Amino acid sequence: MTNTMKVFKFGGASVKDADAIRNVANIIKRYPDEKIMIVVSAMGKTTNALEKVVEAYSKKTGEAFALLEEVKQNHYKVATELFGADHPVFSLLNDTFVEIEWVIEDDQQDGYDYIYDQIVSIGEMASTRMLAAFLVHEQQKASWLDVRDVIRTDDTFREGRVDWETTGSLCQQKIPGLFEKNDLIVTQGFIGGTQENFTTTLGREGSDYSAAILAFQLNAESLSIWKDVPGILTGDPRLFENVQKIDRLSYKEAIEMTYYGAKVIHPKTIKPLENKNIPLYVKSFVDPDGEGTLISTDVNVTYPPVVVVEPKQVLLHISTRDFSFVTERHLGFLFQQFDKYRIKINMMQNMAISFTVCVTERSERLALLISELEKEFKLVVDRNLELITVRHYTDEIVESLAGGKIILFEEYIRGTMSMVVKEVPKMIRK
Ligand code: ADP
Ligand code: ASP
Ligand code: MG
C-alpha cells in the first residue's frame, strides 16, 4: 500500500451547504498531488432529519414521505447551487433516495434497528455523491467509493462491530487500484456493510471512527479531522467562555477525555491510531492555516485543567431488600445486567448495603435494565443530573464548577475529579 496517503475526515458542519462544500474543496486543493482518502458525514443535521423519517415510518404517523421529501429537496437545492440545474449528480442523488422510498413504501416487517440503518445511512451516501461530484467539477482527480464494500461489520444494527480482518483484506483488494487512477477518494463515514450486503451504522457521531478504521487499514501517514473549532480545547466552547486550545495531546490523554464524554472526537477513534502510531490532527475548516491539535505518542507537556460535561445523567441507588450486605455475588449479577443491556457505567460506588451507579439516560435500554434490577433489588432513581469531570484539576476550578449546585456523588482519582451534580432549584425571595 502506498505509504504517502493521508486520511481526511469532514463532519456534518463542514458540508452543511453549498458554501461549506466549496470551502472543503478549497481545503483539499491546498494538498496538490497528495493521495487523500476523504471520509465524509451527512450534510448538516441530515442524520437527525432521517431519524425523524424512521420514527414516522415505524410509528405509522403517515409523515415519513413528507419528511423524506424535505431532506431530498435540501440536497437538490445544494446541488443546484453547486452545479446548476442539469448535472449527472441529480440522478445519482435520486437513485440514493429511491432506495429509501422502496423501504418506506412497504409495511414494516423488519426490526427497528435494521430499518434505522437502511434509512439513516442515506445521509452519508448523498453527501459523498455531492462532494465527489463537486471535486470532479473542480478538475480534481477524485472518485467515489461505497464504504460498505470495504468496512465489514457484524449485523448488530445501529452499533455495527467491525470485522477488522475482513475489512483489512477488502481495503487491500479495492483501494490501491483506485489510488492508481485518482488522487482523491471520497467515501462515507458512519456506515459499514454486513456479509449479506446489508447496511449497518457504527453509532451516532461514528464518522471519526470510520476515518480511524481506514487510516489503520491503509497505514495512512496521518489522519486529519476538520472541525468547526480550532482544535481540542480545554472545554466545550458552547458551554464555557474562556477555553484554550491544547496544542499537543498524547493518545492516552485523548482517549481519557473522550471516555469521560468530550464530544469533540468519537471515543473509538483513538485506539486504532495509537495501535499503528498514526498521528491525529484536529484542525479547523474555518481557519485551515491554524495549527490545530496534534495527538500522538510520547507527549511531554503539562496539561491545563480540561473540563468535560456530560448531561442527561441518571444515578441508580441499588440496595438489597433485606438489609443484607452487597456482596461480590450481587455485584457479579449487576455487572452482567449492565453488560446485557449495553449500559456503560460512568461512575460507581459500593457501600455496605447499597451500590450506586451513574449512567447516561438511554430511554429504551435503561428502562429495561431498571425493571430487570427491580426484580431483585430496591431501586431509587435520580434523573436530570450532570456529570462533570475535570482532568488535571485544581481546587479553584472544582469550586467554581460546583458553585450553586448540589453534589450527589464525587470522586478524586489521580488528578481526575468527577462529580455528579444537580441544579439547585432557584429560590426567589418574595
Ligand atoms: P463534526 O462536524 O465532526 O460532527 P462535532 O460537532 O461532533 O463535529 O464536534 C465539534 C464540536 O465539539 C465543537 O463544535 C464543540 O462545540 C464540541 N466540543 C466539545 N468538547 C470540546 C472540546 N474539548 N474541544 C473542542 N470542541 C469541543
Ligand atoms: N452523520 C452521523 C451522525 O450525525 C455520523 C457522524 O456525523 O459522525 O451521527
Ligand atoms: Mg458530529
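First listed ligand is number 1; within each ligand, the first listed atom is number 1. As the structure is a computational prediction, the values presented were derived from the model and not from experiment.
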- Task: Answer side chain, backbone, both or neither: which part of Leu233 comes under 4.0 Å from ligand 1, heavy atoms only.
- Result: both
- Note on the structure: If we number the atoms of ligand 1 from 1 as shown, the ones under 4.0 Å from a heavy atom of Gly12 are 2 (O)
- Task: Looking only at distances, please establish whether an N/O atom of ligand 1 is found under 3.5 Å from an N/O atom of Trp226.
- Result: no
- Can Ala262 be said to touch ligand 1, with heavy atoms closer than 4.0 Å? no
- Task: Quickly, which of Asp110, Thr200, Thr201 forms a side chain to side chain contact (heavy atoms under 4.5 Å, CB included) with Phe157? Name it, please.
- Result: Thr200
- Message: I'd like to check which ligand 1 atoms, numbered from 1 as shown, lie under 4.0 Å from a non-hydrogen atom of Gly11.
- Response: 1 (P), 2 (O), 3 (O)
- Query: Taking the six-membered ring for Trp, are Phe335 and Phe355 parallel (under 30°), tilted (30 to 60°) or perpendicular (over 60°)?
  - Reply: perpendicular
- Query: Can you find a pair of side-chain heavy atoms, one from Ile175 and one from Leu218, that are under 4.5 Å apart?
  - Reply: yes
- Note on the structure: Looking only at protein heavy atoms, what sits closest to atom 11 (C) of ligand 1 is Asp228 OD1, 4.0 Å
- Message: Return the closest protein heavy atom for atom 27 (C) of ligand 1 as residue, atom name and distance.
- Response: Val264 CB, 3.5 Å
- Could you check which of Lys227, Glu205, Lys16, Lys9 puts a non-hydrogen atom nearest to atom 9 (O) of ligand 1? Lys227
- Query: Can you find a non-hydrogen atom of Ala13 under 4.0 Å from ligand 1?
  - Reply: yes
- Query: Out of Thr187, Thr194, Thr199, which one pairs with Arg148 under the side-chain hydrogen bond (donor to acceptor under 3.5 Å, both in side chains) rule?
  - Reply: Thr199
- Message: Can you see whether Tyr259 has Lys344 sitting over its ring - NZ or CZ less than 6.0 Å from the centre and within 45° of the normal?
- Response: yes
- Heavy atoms, side chains only, cut-off 4.5 Å: are Leu366 and Arg383 in contact? yes
- Evaluate the side-chain proximity of Leu249 to Ile246: yes if any heavy-atom separation is below 4.5 Å, no if none is. yes
- Item | ring-ring contact (aromatic ring centres under 6.0 Å, His included): pairs with one or both residues in residues 402-423, sequence neighbours excluded | Tyr393-Tyr412
- Item | Under the side-chain contact (heavy atoms from CB on, under 4.5 Å) test, residues paired with Ala18 that sit two or more places apart | Arg22, Val78, Glu81, Leu82
- Message: For Ser207, state whether at least one heavy atom is located under 4.0 Å from any atom of ligand 1.
- Response: no
- Message: Looking at every non-hydrogen atom in both residues, tell me the closest pair between Ala262 and Val308 and how far apart they are.
- Response: N-CG1, 3.2 Å
- Would you say Ser41 touches ligand 1, if touching means a heavy atom closer than 4.0 Å? no
- Item | Nearest-contact summary for atom 17 (C) of ligand 1 - protein heavy atom, Å | Arg238 NH2, 3.4 Å
- Item | Mutual orientation of the aromatic rings belonging to Tyr112 and Tyr116 [parallel < 30°, tilted 30-60°, perpendicular > 60°] | tilted
- Quick one: closest heavy-atom pair of Cys358 and Gln313, and the distance? SG-OE1, 3.3 Å
- Item | 4.0 Å protein heavy-atom contact status of atom 6 (O) of ligand 1, strictly under | no
- Message: Within the structure provided, determine whether Leu233 and Val264 are in side-chain contact (heavy-atom separation under 4.5 Å).
- Response: no
- Query: Just heavy atoms, cut-off under 4.0 Å: does Asp236 contact ligand 1 by side chain, backbone, both, or neither?
  - Reply: both
- For the pair Tyr209 and His266, name the ring-plane relationship: parallel under 30°, tilted 30 to 60°, perpendicular over 60°. parallel
- Message: For a quick check: using heavy atoms under 4.0 Å, what are the residues in contact with ligand 2, sorted by chain and number?
- Response: Ser41, Ala42, Thr47, Glu124, Phe190, Arg204, Glu205, Gly206, Ser207
- Task: Would you mind reporting whether Phe190 and Val120 have side-chain heavy atoms less than 4.5 Å apart?
- Result: yes
- Message: Distance to the ring centre below 6.0 angstrom and angle to the axis at most 45 degrees; does that hold for Lys35 and Phe179?
- Response: no
- Task: Just jot down the ligand 1 atoms closer than 4.0 angstrom to any heavy atom of Gly235, in number order.
- Result: 22 (C), 23 (N)
- Query: Which atom pair, heavy atoms only, marks the closest approach of Pro279 to Leu294?
  - Reply: CB-CD1, 3.8 Å
- Query: What are the protein N, O or S atoms, given as residue plus atom name, that sit under 2.8 Å from the Mg ion (ligand 3)?
  - Reply: Glu205 OE1
